[in-house]
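This report refers to the structure that appears directly beneath it.
Below, each value reflects all heavy atoms present in this structure, side chains not excepted, and no hydrogens, waters or symmetry copies.
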Amino acid sequence: GAPGQFMRMADDGWGAAIPNDRLELWSLTVNFTTPANSVLSGPVLLNTQPFDTELCGYQAFNCIPQPGTATTLDPLREVIMNRAIYRNFGTHESIACSHVTDVTQTDRAGVRWYELRRTALANPWAIHQQGTYSPDAANRWMSSIAINANGDIGLAYNVSSSTVYPSIRYTGRYASDPLGQMTFAETSIVAGTSRNASNRYGDYNSLDVDPADQSFWGTAKFNVSTAWSTRIFKFSFTPQNVSVSPRVLLEGPYAGGGFMNDGLRSAGIIPLVQPFSTLGYGFTNGGGSESTTAPVLAVTGNNAIVDWVILELRNSANPSTVVTSRAALLQRDGDVVEMNGTGAVVMNAPPGSYYVAVRHRNHLGIMTATAQSLSAVPLAINFTSAATATWGSDARKDIGGNLVMWSGNTDFSAGLAYTGDPNDRDPILVRIGGTVPNNTVSGYFNEDVNMDGVVRYIGDPNDRDPILVNIGGSVPTNTRVQQLP
């Protein structure tokens, strides 16, 4: 398995050996057969935005005020709070963590929180986002953070001040919210009604994710008497999803009459897991883990699966920014459907206006010319019709009145080229062996431009000629550019 991760925060106020406020991560590779061969490496140092853990000094166990008493509570300033939570999203890994900080340098406690990300085991961890939560003059500490499978983050904590008895509250954010912000209005879980007799408070709370519905379950302390009590609680966020129902046709397998061939499916070579991550495509906001089943690929007729596609929702003000993306399935009649082979595709984004783009592994992508208003009610977008305007110019090819996506993009790039370096023709020759042009090879390959399950460089049909045709048909140095910003 992957090495275990261990971490702490370090305040530059602790001494000259810590020149910057930072997070420190160690990796432990355990050898259970020969424990002495286990390896602890690190730390990796991640400089953070400035924070200050000097709450009533660095060593006092008394700081957080409460009503009606001179007894103040332990701020637990020294450590990352329970617990640094890890989640693997497939396209990236995340660690969420939090600790207390003095938000005013006058001993007012607030919660500093972070999300770290890593895109591959060999890549370093980096701070994806960070923020400090302190919406008013009360003290917030004893935090616990969690991140669910949607990428939403929940944050629960204790609250106390000279007018607020020790209580429990929470906030949170959707994965699509602006980075560094807890956007949900603070919500009370339970309000305390008494002070705590002792300065000792804790040491930890806990917040975890229910895998069944992605809600948050927690346990924390509060006071209804001078001895603290425990409250077990649950909160959840209304799912922020929109639905789209695009219709697209791929030129490669297009058979006429508004239908495509399903040669890859009938050959049994469509993969059960989306193929785009292996091509270097980086999914955004939770996509990339999509997979289907053999029974879905066994369906025949107009709803037979032709291949996988990518759906992207792009920012309405800046369409070059992908807000969320995921893989979906394409049927013979052009319908783009969910992993079960039917129905509109659910996208991880709040209701609003987005440009909608469709991409494929060996066809040029297309996008709506304007932002579309999306909600939980599926929006049909017929890219095969001229009535649906697309971004750019000449983004689709007209075949008998049906508009299709341009074929020939064998290197999954931003355009078509027949000559030059790189180009889309040479990979076809390389795929069949590199020297004998009349060789063929069967399988699920980008170089199979017409998507019949066989890569051919010469002969009829072959996968080379459509590239030349699509750049103009006569001048081999021409190119065609994908119409995406």
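Under the 3.5 Å distance criterion, with hydrogens and angles disregarded, a donor-acceptor pair is assigned to the side chains of T53 and W14. T163 and S161 form a side-chain donor-acceptor contact under 3.5 Å, judged by distance and modelled atom types alone. Inspection of the D208 and S206 side chains reveals an N or O donor paired with an N or O acceptor under 3.5 Å. Side-chain contact, S413 with N409: a donor N or O sits under 3.5 Å from an acceptor N or O. Under 3.5 Å, the side chains of S38 and N31 contain no donor-acceptor pair of N or O atoms. Using modelled atom types and a 3.5 Å distance limit, the side chains of Y114 and H128 yield no donor-acceptor pair. Counting only N and O atoms by type, the side chains of K221 and N158 include no donor and acceptor under 3.5 Å apart. Counting only N and O atoms by type, the side chains of E186 and Y170 include no donor and acceptor under 3.5 Å apart.
The cationic atom of R117 (NZ for Lys, CZ for Arg) does not lie both less than 6.0 Å from the six-membered ring centre of W125 and within 45° of the ring axis.
Taking the six-membered ring wherever Trp is involved, the centroid distance between the rings of F216 and F237 falls below 6.0 Å. Ring centroid separation for the pair Y157 and W141 does not come in under the 6.0 Å cut-off. Ring centroids of Y174 and F184 are separated by less than 6.0 Å, placing the two rings close together.
The local environment of CD1 in I232 is sparse, with at most 12 non-hydrogen atoms from other residues, nucleotides or ligands closer than 6.0 Å. Annotation for Y444: atom OH counts as buried by contact number, over 12 foreign heavy atoms lying within 6.0 Å. For Q59, the CD atom sits in a loose shell: 12 or fewer heavy atoms of surrounding residues, nucleotides or ligands are nearer than 6.0 Å.
Using a 4.0 Å cut-off between a side-chain N of Lys or Arg and a carboxylate O of Asp or Glu, K234 and D213 qualify as a salt bridge. Between E312 and R326 no salt bridge is recorded (no basic side-chain N to carboxylate O distance below 4.0 Å). Salt-bridge formation is detected for the pair D203/R200: a Lys NZ or Arg NE/NH1/NH2 atom is positioned less than 4.0 Å from an Asp or Glu carboxylate oxygen. Checked for salt-bridge contact, D307 and R361 meet the test: a charged N lies under 4.0 Å from a carboxylate O.
Between H360 and H363, the ring planes lie perpendicular to each other; the angle is over 60°, past the 30° to 60° tilted range. Using the six-membered ring where Trp is involved, H92 and F89 have ring planes that are parallel, under 30° apart on the 30 and 60° scheme.
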Discussion item. Between N340 and T342, is the side chain to side chain donor-acceptor pair (under 3.5 Å) condition met? List the steps.
Written reply: CA-CA 6 Å; N340 62 358; T342 185; 5.4 Å; no
query = How far apart are the C-alpha atoms of I127 and T48, what are their side-chain angles, what is the distance that settles it, and do they pass the side chain to side chain contact (heavy atoms under 4.5 Å, CB included) test?
reply = CA-CA 8 Å; I127 296 175; T48 68; 3.8 Å; yes
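Using a 4.5 Å heavy-atom threshold, the side chains of Q5 and Y86 count as separate.
In this structure, D102 CG and L55 CG are separated by 4.5 Å, a value rounded to the nearest 0.5 Å. Atom OG of S325 and atom CG of N285 lie 8.5 Å apart (nearest 0.5 Å).
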